[in-house]
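All values below were derived from every heavy atom in this structure, side-chain atoms included, with hydrogens, water molecules and symmetry-related copies excluded. Lettering of chains follows the sequences in order, A, B, ..., and the numbering in each one begins at 1.
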Amino acid sequence: MTHQKPCRFCIEKRGWIDYKEERVLRRYMTDRGKIVPRRQSGVCARHQRMLTTAIKRARHVALLPFTTESVR
Amino acid sequence: MRHYEGTIVLDPELQDDGYNKQLDRIKKFIEERGGKIVEDDRWGLRNLAYEIKKHSQGYYGVLEWEGPGELIGDLDHMLRLDENILRHLIIHFDTKVIAEREEIKLRSASRPDLVDRDEDSDLDEEDEDDFGNDFDEDIIAGKEIGEEEEKVEEEVEEVAGETGSEQAAEEPEEEAETGSEAEETGGSEQDDEGRVE
């Protein structure tokens, strides 16, 4: 299997990932709140960049956690 | 004229009244400086992902406007000085993004979009609303995720307390289930294991 599956955002032809789409963004975070590397998620470079800025913005306005450790 | 969006997180102690007043004030400020409000989306009280100034909840308001860039500096300054504002974020949209957002709205009305691809079908209904409306559901989703995490971690701790190596092999599986729903979970198991230790 050499053929790589295209990234989900590419299928959707997305040019913008909104930081308010919390549900989508959570999918690309580990249960500890880290951003999933694209080698695991299969997201392309372009969309991974959008994803990271979106996640970081969402973190700033407390829609997403920086880490789940701090709660405990 | 440039297109902006600002998300503002307000102190929960303001109550509904103060929250609306505060946002109206911000709106007025923008309008006075030559901005034109395009959208005003008030989510209301929502759980924060982490504590800010000892608050675990906050009032969220999202404003979208078209206006001159000179306004932003002053607005930012104003928001920064206001102690009732826990967080704010102002973002500039370029024209491509605006076009795309419209398109997404139209698309999601006709068929379920990316958001709900592998979730239950009953969620599709929510997605027909514009963005603001499905956030109430998001809060619930967020809570659930949080609870699941806790459970998993408790299990892991217990397991670690009893015996080391035998059951350690089970941990990655458990975590992989609840963890990131990434399609290729190959590497994530390793990652989880590493962090548990």
Minimum-distance pair of heavy atoms, taken over all atoms of A/P65 and B/A49: N-CB, 3.4 Å
Nearest atoms (heavy-atom pairs only) where A/R14 meets B/E100: CA-OE2, 3.3 Å
Contacting moiety of B/I52, where chain A heavy atoms sit under 4.5 Å: side chain
Inter-chain contacts: residues 80-96 of chain B against chain A, heavy atoms under 4.5 Å: B/R87, B/H88, B/L89, B/I91, B/F93
Contacts with chain A made by residues 9-38 of chain B (heavy-atom distance under 4.5 Å), listed by residue number: B/V9
For B/Q57, all residues meeting side chain to side chain donor-acceptor pair (under 3.5 Å), sequence neighbours excluded: B/N47
Any pair counted as side-chain hydrogen bond (donor to acceptor under 3.5 Å, both in side chains), so long as it reaches residues 50-63 of chain A, sequence neighbours left out: none
OG1 on B/T7 to CG on A/L63, rounded to 0.5 Å: 7.5 Å
Nearest-0.5 Å distance, OG1 of residue A/T67 to OH of residue B/Y50: 12.0 Å
Stepwise side chain to side chain contact (heavy atoms under 4.5 Å, CB included) check, A/K20 with B/W43: CA-CA 11 Å; A/K20 298 194 279 347; B/W43 303 357; 3.4 Å; yes
Path from B/W65 to B/M1 over hydrophobic side-chain contacts below 4.5 Å: no
